[in-house]
Enquirer: 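Take a look at this one; I'll ask things after.
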Amino acid sequence: QLTESGGGLVPPGGSLLLSCTGSGLSLANYTVGWFRQAPGKEREGVSCIGSDNDMTYYINSAKGRFTISKDSDKNTVYLRMADLKPGDTALYFCGARPLGPFPSTSYVRFTCTELLGDYWGRGTQVTVSS
């Protein structure tokens with residue numbers, strides 16, 4: 001089971017820290033992604049992380065603004081979001097799939113672009129508005 005927290009209402013330019021905590025599964029053994037879906041738009045993979053903090057992927061609109069990290073001791077994956085824009089408004093949720101036999105950055109990117117996950121959280125709402 002995955003549980004997200006940290007969403008809220010922030011003005012443009014604001015920051016948020018989202019958390020995805022696993023229970024019953026060790027996120028150290030999973031590729032974990034943050035995905036979002038806004039009303040009337042398709043779901044998209046925002047950022048994914050593999051076995052360590054050097055194996056990451058970001059959608060172009062998130063590069064330079066968002067940072068994903070994994071804390072295996074806390075069994076939690078974080079998404080730090082800065083310089084938020086109204087276009088970032090969406091329901092954010094995390095998904096996880098096993099690392100696979102050959103973890104790689106390509107595998108992490110594929111997880112995000114193909115929206116893959118065996119376990120999903122219910123999401124946390126992020127609203128960017130003045």
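Here the structure is a predicted model, which means the values were calculated and not measured. Nothing fancy with the numbering, it's 1 onward along the sequence.
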Enquirer: Decide whether a cation-pi geometry holds between Arg43 and Trp120; the criteria are a distance under 6.0 Å from NZ or CZ to the six-membered ring centre and an angle within 45° of the ring axis.
Expert: yes

Enquirer: Counting neighbours of CD on Glu42 that are heavy atoms of other residues, nucleotides or ligands and sit closer than 6.0 Å, is the number greater than 12?
Expert: no

Enquirer: Are the side chain of Lys70 and the backbone of Leu27 linked by a donor-acceptor contact shorter than 3.5 Å?
Expert: yes

Enquirer: Identify, with sequence neighbours excluded, every residue that meets salt bridge (charged side-chain N to carboxylate O under 4.0 Å, His left out) alongside Asp83.
Expert: Lys85

Enquirer: Remaining members of Tyr78's ILVMFWY cluster at a side-chain heavy-atom cut-off under 4.5 Å?
Expert: Leu17

Enquirer: Going through the distances and angles, do Thr89 and Arg36 end up as a side-chain contact (heavy atoms from CB on, under 4.5 Å)?
Expert: CA-CA 9 Å; Thr89 295; Arg36 68 186 179 188; over 6 Å; no

Enquirer: Share the residues that join Leu99 in a hydrophobic cluster, the rule being Ile, Leu, Val, Met, Phe, Trp or Tyr side chains under 4.5 Å apart at the heavy-atom level.
Expert: none

Enquirer: Verify whether the ring centers belonging to Trp34 and Phe93 lie closer than 6.0 Å.
Expert: no

Enquirer: Not counting sequence neighbours, list each pair that qualifies as a disulfide bond (SG atoms under 2.5 Å apart) and has a residue in residues 35-72.
Expert: Cys48-Cys112

Enquirer: Who are the ring pair (Phe, Tyr, Trp, His ring centres under 6.0 Å) partners of Tyr92, not counting sequence neighbours?
Expert: none

Enquirer: Going by the rule side-chain hydrogen bond (donor to acceptor under 3.5 Å, both in side chains), which residues pair with Tyr57 if we only count those two or more places apart in sequence or in a different chain?
Expert: none

Enquirer: Nearest 0.5 Å, what's the CZ-OG1 distance between Arg122 and Thr3?
Expert: 9.0 Å

Enquirer: Apply side-chain hydrogen bond (donor to acceptor under 3.5 Å, both in side chains) to Ser47 and list each qualifying residue two or more places apart in sequence or on a separate chain.
Expert: none

Enquirer: Is it true that atom CD of Gln1 has more than 12 heavy atoms of other residues, nucleotides or ligands lying nearer than 6.0 Å?
Expert: no

Enquirer: Only counting residues at least two apart or in another chain, list the ones meeting side-chain hydrogen bond (donor to acceptor under 3.5 Å, both in side chains) with Arg65.
Expert: Asp88

Enquirer: Give every residue pair that meets the side chain to side chain donor-acceptor pair (under 3.5 Å) criterion with at least one member in residues 4-26, sequence neighbours excluded.
Expert: Thr21-Thr76

Enquirer: Would you say the side-chain atoms of Tyr58 pair up with the backbone N or O of Gly64, donor to acceptor, closer than 3.5 Å?
Expert: no

Enquirer: With sequence neighbours excluded, tell me which residues meet side-chain hydrogen bond (donor to acceptor under 3.5 Å, both in side chains) with Asp54.
Expert: none

Enquirer: Is it possible for you to say whether Val77 and Ile59 belong to one hydrophobic cluster, with membership spreading through side-chain heavy-atom contacts below 4.5 Å?
Expert: yes

Enquirer: Tell me the disulfide bond (SG atoms under 2.5 Å apart) pairs involving residues 63-105, sequence neighbours left out?
Expert: Cys20-Cys94

Enquirer: Under 3.5 Å, is there a donor-acceptor pair between the side chain of Asn60 and the main chain of Lys63?
Expert: no

Enquirer: For a quick test of your reading: what N or O donor-acceptor pairs under 3.5 Å do the side chains of residues 102-110 make, sequence neighbours left out?
Expert:
{"residue": "Ser104", "atom": "OG", "partner": "Ser106", "partner atom": "N", "Å": "3.4"}
{"residue": "Ser104", "atom": "OG", "partner": "Tyr107", "partner atom": "N", "Å": "3.1"}
{"residue": "Tyr107", "atom": "OH", "partner": "Pro98", "partner atom": "O", "Å": "2.7"}

Enquirer: Tell me the closest heavy-atom pair linking Phe66 and Leu79, and the distance in Å.
Expert: CB-CD1, 4.1 Å

